[in-house]
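Right, one structure below, let's go through it.
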Amino acid sequence: MERLKDMEGVAAREGSGSPSPRHDQRPGVVAAAVYQHGQRIRDIRIEEAGDWRNRENAIVWIGLHEPDEVLLHQVQAEFNLHPLAIEDAAQPHQRPKLEIYGDAMFIVARTAHMKDGEIIFGETHLFVGRGYVVSVRHGESSSYLAVRQRCEATPAALAHGENYILYSILDFIVDNYMPVIEVVQDEVEKLEDLVLREQLGKSDIERLYLLRRKLLRLRNAVVPLVDVCRRYEHIDLPGMDPTLQSLFRDVTDHVRRVQEDIDALREVLAFAFEASVMIGQTEQTAIARKLAAWAAILAVPTAIAGIYGMNFNDMPELKFQYGYFVVLGVIAVLCLSLFGFFRRRKWL
């Protein structure tokens, strides 16, 4: 009866729009709440988490942001988490992975979002077991407050328990990849248009290289998550609802689509660079042809002038009255003939 009154009181507060009080105000604790049958019961302190997770149909959902070792070890004691998982959670820059410790899982995922035109990477570590979900965020990753609010807005779905919470977090992480892809795609399209209009300059080449490096870092964050989601589809854990496996397949499809988009953009950038190089080589070839054509034309008067500049006494042409004009005419005819020839060959 007291539990029912407690739940009714929480429901009344939520209906009135007033948030329930946070009980744990320590640095590193973003949220800590317990849910039963999909309904939020109340906020709890970390010290209460172990007791609540053992109650029937109760789910403890704790969100941490860059916690210290003391807080992590306290969470470990409440949920009996594996020491190796706690060691990994205390150290960011982990590769995305899924590890199973008994009936609990430890998942690492990389997050990404745009800030001031740059891709900012973060990291999320997830502890998932019967009756609890603990998320540990490192870096400037997006807050999961929106995920919590969305789950609380659908109690029927949240009643599926910790697996639905895990699905919601992973789906949120993958969805946040798409705005990053769209921003990079816009930059890639601008570079493509620039390649078709003119040769890329040094700044454009640097920009192209930086885009490829960004995409490589994003790919390194996304690709391992494909394997994580694929493995989770086939994990047979206690409490796993078969209906949720289709949701994880959907997340896997989204991650694969992101991977394909990244690979496609990297290929486009590679083609843009190759096209720029080819255009540059074509322009250099055209310039070399023009120089060669003009050199051939100028070689005619140079050769003739060189012959008549040898100053020999026995050169009969030197005493010809109109010899100077004849030589000039021959030079003009030869030069014009060569100019026409090169013009027809499109060298000039």
Side-chain angles (χ1 to χ4, degrees), residues 114-121 180-220 223 259-348:
M114 298 300 300
K115 182 178 180 180
D116 299 330
E118 295 294 330
I119 303 178
I120 305 299
F121 292 94
V180 177
I181 295 294
E182 291 173 358
V183 171
V184 176
Q185 187 172 8
D186 290 340
E187 292 190 49
V188 171
E189 290 177 353
K190 292 178 182 178
L191 275 176
E192 273 191 298
D193 295 338
L194 186 62
V195 168
L196 296 177
R197 291 197 308 268
E198 58 187 62
Q199 186 180 357
L200 296 182
K202 180 180 178 181
S203 60
D204 299 319
I205 297 295
E206 292 176 354
R207 181 180 167 198
L208 188 150
Y209 171 77
L210 290 176
L211 280 176
R212 281 182 59 86
R213 189 171 66 178
K214 290 179 183 178
L215 286 172
L216 179 60
R217 293 184 62 193
L218 186 60
R219 189 179 189 277
N220 291 337
V223 171
Q259 178 187 354
E260 292 173 357
D261 291 341
I262 293 173
D263 291 338
L265 289 175
R266 294 186 75 238
E267 288 183 5
V268 169
L269 288 175
F271 291 152
F273 179 75
E274 292 176 1
S276 175
V277 172
M278 293 177 64
I279 292 173
Q281 291 177 345
T282 301
E283 291 183 355
Q284 290 178 358
T285 302
I287 293 173
R289 286 178 176 177
K290 289 182 179 180
L291 292 176
W294 284 113
I297 293 173
L298 293 175
V300 172
T302 301
I304 295 176
I307 292 174
Y308 286 98
M310 291 186 290
N311 297 323
F312 288 117
N313 292 325
D314 297 329
M315 294 182 69
E317 298 87 350
L318 296 178
K319 298 179 181 180
F320 182 57
Q321 183 179 0
Y322 301 104
Y324 175 73
F325 301 102
V326 171
V327 170
L328 289 180
V330 171
I331 291 175
V333 170
L334 291 176
C335 288
L336 290 174
S337 300
L338 287 174
F339 181 81
F341 171 77
F342 289 126
R343 197 64 186 270
R344 287 192 300 272
R345 298 293 298 271
K346 296 182 179 180
W347 282 34
L348 292 176

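Atoms considered below: every heavy atom in the structure, side chains included; atoms not considered: hydrogens, waters and symmetry mates.
Expressed to the nearest 0.5 Å, how far CZ of Arg212 lies from CG of Leu208 amounts to 7.5 Å. Distance NZ/Lys214 to CE/Met114: 6.0 Å, rounded to 0.5 Å. Rounding to the nearest 0.5 Å gives a distance of 5.0 Å between CD of Glu187 and CG of Leu211. Here the straight-line distance linking atom CD of Gln185 with atom CG of Leu215 works out to 10.5 Å at 0.5 Å rounding. For the atom pair Ile119 CD1 and Arg217 CZ, the distance stands at 8.0 Å (nearest 0.5 Å). One finds the CZ atom of Phe121 at 5.0 Å from the CG atom of Leu218 (value rounded to the nearest 0.5 Å).
Listed by chain and number, the residues in a side-chain contact (heavy atoms from CB on, under 4.5 Å) with Val327 are Ile304, Tyr308, Ile331 (sequence neighbours excluded). Scanning for side-chain hydrogen bond (donor to acceptor under 3.5 Å, both in side chains) contacts around Asp263 gives Arg219, with sequence neighbours left out.
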- Message: The test is side-chain contact (heavy atoms from CB on, under 4.5 Å); show your working for Arg213 and Leu210 and say whether it passes.
- Response: CA-CA 5 Å; Arg213 189 171 66 178; Leu210 290 176; 3.2 Å; yes
- For side-chain contact (heavy atoms from CB on, under 4.5 Å), just list the numbers for Arg289 and Lys346, CA-CA rounded to whole Å, side-chain angles, deciding distance to a tenth of an Å, and then say yes or no. CA-CA 9 Å; Arg289 286 178 176 177; Lys346 296 182 179 180; over 6 Å; no
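Counting heavy atoms from C-beta on, the side chains of Leu291 and Ile287 come closer than 4.5 Å.
In this structure, Trp347 and Phe342 have parallel ring planes: the angle between them is below the 30° cut-off, well short of the 60° mark.
Between Cys335 and Ile297 the shortest heavy-atom distance is SG-O, 3.6 Å.
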